Amino acid sequence: PLFRGRAGWWLAALLGPAVLTVLCAAFYFILFPARFDAGAQSYLTAALGAEGAARAAGGLAPAAFMAVVLAQGAAGGVFNMLFAVGEEAGWRGWMYPRLKARFGARGGRALGGVIWGVWHWPVIALAGYEYNLSVFSAPLYLAAAGMLLFCVVCVALGALLDLLYEKTGCIWVPALAHGEFNAVASAALYVTVADYAGLQILGPLPIGLIAG
């Protein structure tokens with residue numbers, strides 16, 4: 001890890017994904033206010049039973065939600081960074097520089113994101129990864145939509161991670177951001193109604209169509 005002269009980028013990697021996740025959720029809930037459930041937290045209760053009901057007691061105000069996401073992201077990001085650095089070394093450290101050298105910065109990042117997304121297609125199609133829309137449990141068009149949407153998400157996220165690597169020359173910086181994204185991406189479930197299961201393709205998670 002390289003720190004000298006890179007403090008701002010480390011801070012962006014540590015907090016940026018959490019802030020963007022909250023903004024994504026806020027935009028989604030502005031469009032679909034009936035989906036916002038900060039008081040009862042019915043999704044959490046339905047998913048975790050008695051434990052979820054205990055967590056939901058007293059509700060979760062928007063300011064508290066923001067604090068929870070930031071705290072969860074900071075702690076989870078540092079831990080997840082240790083697992084994300086291998087993936088970052090492969091994508092941002094090896095593949096993206098070669099694609100950008102051949103197709104330019106924009107073209108290389110776009111193509112790199114598509115490849116990164118397609119890499120996940122088998123687990124999306126067969127196991128419903130991220131969207132719970134496998135070909136075994138959902139109509140084929142929804143499973144296909146999830147696969148295509150994840151490519152869009154990977155193009156956007158990959159461009160941000162590549163920017164962090166390009167600005168710092170240190171693969172641990174995008175690894176931290178990647179780790180934090182993984183830690184906070186599902187945070188909006190804390191304030192989402194219980195029938196969320198059929199709407200992953202839209203949001204409020206940052207991998208959704210509207211929020212993303």
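Since the structure is predicted, the reported quantities are computational estimates derived from the model, not experimental observations.
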Give every donor-acceptor pair under 3.5 Å between a side-chain atom in residues 149-163 and any protein atom, sequence neighbours left out.
unit_1, atom_1, unit_2, atom_2, d
Asp162, OD1, Lys100, NZ, 3.4
Asp162, OD2, Lys100, NZ, 2.7
Asp162, OD2, Arg109, NE, 2.7
Asp162, OD2, Arg109, NH2, 3.2

**Phe3: ring pair (Phe, Tyr, Trp, His ring centres under 6.0 Å) partners, not counting sequence neighbours** =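 In terms of ring pair (Phe, Tyr, Trp, His ring centres under 6.0 Å), with neighbours along the sequence ignored, Phe3 is linked to Trp10.
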Exercise answer: donor-acceptor pairs, residues 116-127 side-chain atoms, under 3.5 Å, sequence neighbours excluded:
unit_1, atom_1, unit_2, atom_2, d
Trp116, NE1, Glu87, OE2, 2.8
His120, ND1, Trp116, O, 2.8
Trp121, NE1, Met147, O, 2.8

**Prompt:** Tyr165: what forms a side-chain hydrogen bond (donor to acceptor under 3.5 Å, both in side chains) with it, not counting sequence neighbours?
**Reply:**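 None.
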**Message:** According to side-chain hydrogen bond (donor to acceptor under 3.5 Å, both in side chains), who are the partners of Thr168, at least two apart in sequence or on a separate chain?
**Reply:**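 Thr168 satisfies side-chain hydrogen bond (donor to acceptor under 3.5 Å, both in side chains) with no other residue.
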Roughly how far apart are [X] [atom1] and [Y] [atom2], rounded to 0.5 Å?
| X | Y | atom1 | atom2 | value |
| --- | --- | --- | --- | --- |
| Trp9 | Leu176 | CH2 | CG | 14.0 Å |
| Trp94 | Ile171 | CH2 | CD1 | 13.5 Å |
| Ile201 | Asn132 | CD1 | CG | 11.0 Å |
| Cys170 | Glu88 | SG | CD | 11.5 Å |

For [range], which residue pairs qualify under salt bridge (Lys or Arg N to Asp or Glu O under 4.0 Å), counting only residues two or more places apart or in two chains?
| range | result |
| --- | --- |
| residues 10-21 | none |
| residues 7-27 | none |
| residues 2-14 | none |

Cluster overlap [X] with [Y], hydrophobic side-chain contacts below 4.5 Å:
| X | Y | result |
| --- | --- | --- |
| Ile115 | Phe103 | yes |
| Leu11 | Leu23 | yes |
| Trp172 | Leu2 | no |

Closest approach of [X] to [Y] (non-hydrogen atoms, all atoms of both residues):
| X | Y | value |
| --- | --- | --- |
| Ala175 | Val85 | CB-CA, 3.7 Å |
| Ala188 | Leu205 | CB-CD2, 3.9 Å |
| Met95 | Gly112 | CE-O, 3.7 Å |
| Gly128 | Ser134 | N-CB, 3.3 Å |
| Ala143 | Leu133 | CB-O, 3.1 Å |
| Gly179 | Ala84 | N-CB, 4.1 Å |

Does [X] have any side chain to side chain contact (heavy atoms under 4.5 Å, CB included) partners at least two apart in sequence or in another chain, and if so, which?
| X | value |
| --- | --- |
| Phe79 | Phe83 |
| Pro139 | Tyr141, Leu142 |
| Ile210 | Phe27, Tyr28, Leu31, Phe32, Leu202 |
| Pro17 | Ala177, Glu180, Phe181 |

**Main-chain N/O of Arg98 paired to Arg102 side chain as donor or acceptor, under 3.5 Å** =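 Not at all, since once roles are kept as given, no pair shorter than 3.5 Å links the two residues.
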**Request:** Let me see the working for Asn80 and His178 under side chain to side chain contact (heavy atoms under 4.5 Å, CB included), right down to the final yes or no.
**Result:** CA-CA 8 Å; Asn80 289 339; His178 189 162; over 6 Å; no
